[in-house]
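Sequential numbering from 1 along the given sequence is applied to the chain's residues.
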Amino acid sequence: MSKIFVTGATGVLGRRVVPRLVDAGHDVTAVARTSAKAASLTEHGATPADVDLFDFDAIRSAVAGHDAIAHLATNIPTGASAMRKRGWRINDRLRSESARLLSDAAVELGIGRYVQESITFSYVDRGTDWIGETTEQSFFWGNRTTVDAESAAAAVTAVGGAGVVLRFAMFMADDSAHMQTYAQMADKGLWGLFGDDDSYMSFVDVDDAAAAVVAALHAPPGVYNIAEADPRLRGDHRSALAAAVGRDALRTLPLVERLAGAAGEGLARSHRISSEAFRAVTSWEPTGAALEQWGRLT
């Protein structure tokens with residue numbers, strides 16, 4: 001049994017990770033900022049902790065005595081907020097300031113494992129080619145702080161620990177704000193995802209993502225993509241979502257994509273993400289296929 005400290009424990013990913021860790025026999029301390037969220041974590045067998053993730057002294061005190069840290073906290077904006085820099089302020093701080101403080105605490109206290117959530121959206125467009133962890137990346141102001149987050153994990157590895165970065169594809173989850181937005185738009189006959197129909201889009205079932213976090217506790221240090229096994233074309237997804245809401249087709253909104261600017265360009269890239277590297281070093285296997293899950297959102 002290991003003692004694991006988890007941030008973002010009540011988010012879309014974290015609330016699936018915590019019970020998996022507990023079921024695996026780990027002693028879990030999970031960050032919760034409200035009494036209701038703390039009660040939910042307690043019900044799942046975790047010990048809730050109210051910690052300011054921008055206060056080093058508070059972090060150091062909270063993580064002392066743990067064997068691993070899993071930094072899963074994010075605050076990714078949706079809708080119009082995602083098109084404005086101020087909408088990303090908290091998310092940027094979590095990936096830069098909080099990640100660095102957690103990493104610094106791990107190094108200072110000798111905590112040997114640090115797992116960092118990251119993303120695949122920064123990879124360049126590779127058309128029909130598979131994308132591995134060494135594929136070139138191109139950032140915009142909304143995701144550039146993922147570099148800081150990944151550097152935090154690398155700092156733990158640099159002192160002999162195991163820093164593990166999990167670059168997740170887009171979560172497929174019925175309780176994700178992004179997925180709910182796409183379903184609501186589809187009800188109105190609109191396709192809310194950017195990009196050409198003949199380009200690839202990679203998702204990961206959020207339960208598979210949670211299983212990857214647990215598997216990361218035993219993975220060699222490094223950077224790993226986490227995505228479904230068989231990414232499909234955007235056109236396939238558009239047709240599947242249209243069918244799920246009982247429509248023949250969904251229409252795009254070119255003006256919205258233009259207004260989204262750099263954020264929209266990044267989301268429109270063709271990403272056929274490979275998770276082979278992580279599968280090769282762990283027992284993790286993705287089981288969910290996003291194309292089959294649009295019906296769960298409607």
Practice task
Check step by step if salt bridge (charged side-chain N to carboxylate O under 4.0 Å, His left out) holds for Asp197 and Arg238.
Solution key: CA-CA 8 Å; Asp197 279 356; Arg238 176 152 62 161; 2.6 Å; yes
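- Each side chain to side chain donor-acceptor pair (under 3.5 Å) pair with one or both residues in residues 30-40, not counting sequence neighbours, appears once here: Arg33-Asp50.
- Nearest approach of Thr157 to Ala162, heavy atoms of both residues: OG1-C, 3.9 Å.
- What you find for Tyr123 and Arg269 is that their closest heavy atoms are O-NH1, 3.0 Å.
- Inspection of the Thr146 and Arg95 side chains reveals no N or O donor paired with an N or O acceptor under 3.5 Å.
- Looking at Arg167 and Glu150, a side-chain N of the basic residue comes within less than 4.0 Å of a carboxylate O on the acidic one, giving a salt bridge.
- Under 4.0 Å is where a charged nitrogen must lie from a carboxylate oxygen, and between Asp207 and Arg16 at least one such pair does.
- In this structure, Arg144 fails the cation-pi test against Phe139, since its NZ or CZ atom is not both closer than 6.0 Å to the six-membered ring centre and inside 45 degrees of the ring normal.
- Salt bridge annotation for Asp57-Arg60: present, with a cationic side-chain nitrogen under 4.0 angstrom from a carboxylate oxygen.
- Residues Gln184 and Tyr182 have side chains that never bring a donor and an acceptor to within less than 3.5 angstrom of each other.
- When the side chain to side chain contact (heavy atoms under 4.5 Å, CB included) test is applied to Ala58, the partners found at least two apart in sequence or on another chain are Val51, Asp55.
- Exactly one residue among Thr29, Leu53, Thr74 makes a side-chain contact (heavy atoms from CB on, under 4.5 Å) with Thr7. That residue is Leu53.
- Here the shortest heavy-atom pairing between Glu228 and Met201 reads OE2-O, 4.0 Å.
- The backbone N or O of Gly195 sits nowhere less than 3.5 Å from a side-chain atom of Ser199 that would complete a donor-acceptor pair.
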